[in-house]
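First listed ligand is number 1; within each ligand, the first listed atom is number 1.
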Amino acid sequence: MKHLTILPLMCLLMSFVGYTQNPDLSNKTKESTSSKKVDSLMSLMTLKEKAGQMLNIGLPAILAGGYWDKKEKAVFDETKFQQLIVDDAVGSIHNTPGYPAEREDWYQIIKKIQDSAMKKTRLGIPVLYGIDNIHGANYVNGSILFPHQIAVAATWNTGLSKKVGEITSYESRAASLPWNFNPNADVAINPLWGRIAESFGEDPYLISEMTTAYMNGSQQKGLENSTSTAVCLKHFIGYGAGKNGKDRANALIPENWLRQYFLPPFEKAINNGAMGVMISSNAVNGIPCHINQYYITDILKGELGFKGVVISDFSDIDFLVDAHLSAKDKREATKMAVNAGLDLIMNPFNADIVEIIVDLVEKGEIPMSRIDDAVSRVLRLKFYLNLFNAPYHKPKNYPDFGSEKHIDANYKTATEAITLLKNKNEILPLSNNKKVLVAGYSANSINVLNGAWSRSFLGQDTTYNDPNKLTILEAIKKQIGVNNVEFVEGTDYLEDINSDKAVAKAKKADYIIVCVGEIPATEKPSDINELELPKVQQELIKKLSKTKKPIILVMIQGRPRIIREIEPLADAVIMGYLPGEEGGRAIADVIYGNVNPSGKLPYTYPKFSGNTLTYYHKKTDIRDVNWGFDGFYPQYEFGFGLSYTTYEYSNLKMSADSLKSAEELKISVDVKNTGSREGKEIIEVYIKDLVATVSPDSKKLVRFDKITFMPGEIKTVHFIINSDDLASIGIDNKWITEEGEFELQVGGNPQSLLKKVFYFKM
Ligand code: BGC
């Protein structure tokens, strides 16, 4: 039966070839052309074939050996392969072969899968391969390992985020991987959360700008282009707001917060062409996101008009049964999730979901219309990505893979991310001819710089490190010569190794550079119970400080670990985030002044674990024991970062002192580089609603820019805002701008913003 029908079907499918070849086709024409193709393909499909398109398995499920076995070579298990790829005709695959495959390896893997899917199944539908390109095409050996997203956010440079997206896509496609489970649009409001490094931080506006820029870089040439990947925004929604800060923890998000803080980053990216969204494994207000029809169908597909694929997170149907206890078995969980609006189910280990879906539809428990909606979304994305014509690509067609050009972009991103948080008596930059002791857990580790999702899931395996990349220690040695550098690790992540030896050596040094950090981890392994930097790392600094030698504290960490006790002991503090494989070089270049730091914090750095507010909070949140409203005292504020030069802000002007709906307010400010070094300054624009029915936030970021200034140079910087920028979610959970006074705040340092009040009239 299968073979009798294959020829005519192949002829029909051949007519899909070339649908995107004409670059002049408008998006609308493309959309209607592909929807016709989707419709005609769907008219040929059986229910089982449709259910197959809704399944995403993990690659190891078709490889020889156990799913979690560490492998050195991908060898297919032909029986499993035949079952899943040919008989079940699975629609989508994710994950790695268990090791960071070379491009040529990936090519062979994808070619075999696509050739079988397209030649041996009845309908010849290509597979949609998704991969976690969290900071570069990190599962392709030799690719660029960029700084993690939190560091990209710290650059406040959307051009760099776009570049990261563009290069990541190119290098992913060089391995025939067309769908990227990134960027992360989560709003990270709980500093305990272990995946802050993967996010763009706490501010909805900065996240929106950075997410969309990354996506524009990834998809800029059109999805059909062989250098583009489709993004998959994640995680919808509230993953970064878990109440206890743990992975996949329940978040409490009232409707007005959902709309004001959590939806905007998704909304902006969707309006600009995002075609994938991954649902978050957590529950919000006790309702697992995977079964939340209101979130997925009403809001995401309805209000936000999302036309792409909604994919589950890893094994989340099982999670509904085993962890959320929301369904009694897999059948019930599948029914709830698909009816809620899920299109593609990441069911890594096998194809049991296919039979379950078929049964649920046959018994009338899932309507056929829901299946058709899901399948048409999956097929549409496959057409958009031109997979029917070009299911894989020869690695040699990607000559820029891992090139110097790409390495330069990586280095530039790392340097612009590094955030100077303290520089007492301008101790930095250091001069080359002084003796230094380098110490600390993160000083001599490429893995700590790269964090998780670096060739392996947790990024802790040293076997895959590129020997050409420099740790912080190696980069310092290169800068000032080996004879000027002593190294004693002092501590591990949690244990003292030889801190006494470090103290002994410190006595002979001019400066001590202590590099603290977090162990590479993500998801469950990244959970912590204590936000403080591990005690032993703090003890090292306390001991070293007794030598009275100046201390430069370098922090390599995904989230802001509390350093209240040791911060005063350091003369300089540098935040490196997780800066990626050029991070060692970039940090040494900042310490020695080859680079003038220009990053600013994309989150509030707390000082106390009991005072972890975001910069946007209510006045009542900061009422202190003295009855005053001065209870917001973070270690460092959102938007803070120093430079080796200084800037002066003056002449804040507005085009009017009142604004009406649909009008614009033009703003200008003079910024002068008052120091003697060229620098890049981030200019931040905030709005504070002075009175609103729903208690207004302390302020909200509405614009920013990053501009280069020569020494002594003055520039007038312009911004335009409108009444939408003043809006907040009102008492009826809808956006509103109430008439009244607003304060404009502009500057480069959150502690010294210039302010002006204006009036908003309806
Ligand atoms: C993570 C996702 C990831 C997925 C696929 C999950 O465990 O939460 O962020 O995209 O795995 O690897």
In this structure, atom 11 (O) of ligand 1 is nearest to the protein heavy atom D313 OD1, 3.3 Å
For atom 7 (O) of ligand 1, find the nearest protein heavy atom and state the residue, atom name and distance (0.1 Å precision). E523 OE1, 2.8 Å
K112/D115 salt bridge by N-O under 4.0 Å criterion: no
Mind checking whether R248 contacts ligand 1 via backbone (N, CA, C, O), side chain (CB onward), both or neither, at a 4.0 Å heavy-atom cut-off? side chain
Looking at [X], which atoms of ligand 1 are within less than 4.0 Å of one of its heavy atoms?
{"X": "H235", "result": "2 (C), 8 (O), 9 (O)"}
{"X": "K234", "result": "2 (C), 3 (C), 9 (O), 10 (O)"}
{"X": "M278", "result": "2 (C), 10 (O)"}
{"X": "R195", "result": "1 (C), 2 (C), 8 (O), 9 (O)"}
{"X": "F314", "result": "6 (C), 7 (O), 11 (O)"}

Any N or O on D132 sitting closer than 3.5 Å to an N or O of ligand 1? yes
Flag H94 as yes when one of its N or O atoms lies below 3.5 Å from any N or O atom of ligand 1, and as no otherwise. no
Single hit among K234, R455, R195 for salt bridge (charged side-chain N to carboxylate O under 4.0 Å, His left out) with D132: K234
Is the backbone N or O of A197 less than 3.5 Å from a side-chain atom of Q149, with the two atoms forming a donor-acceptor pair by type? no
R173 (side chain) donor-acceptor with S228 (main chain) under 3.5 angstrom: yes
Y239 and R248 side chains, donor-acceptor separation under 3.5 Å: yes
Would a 4.5 Å heavy-atom cut-off, applied to side chains only, mark P525 and L458 as touching? yes
Give me the one residue out of N350, I62, N347 that meets side chain to side chain contact (heavy atoms under 4.5 Å, CB included) with I57. I62
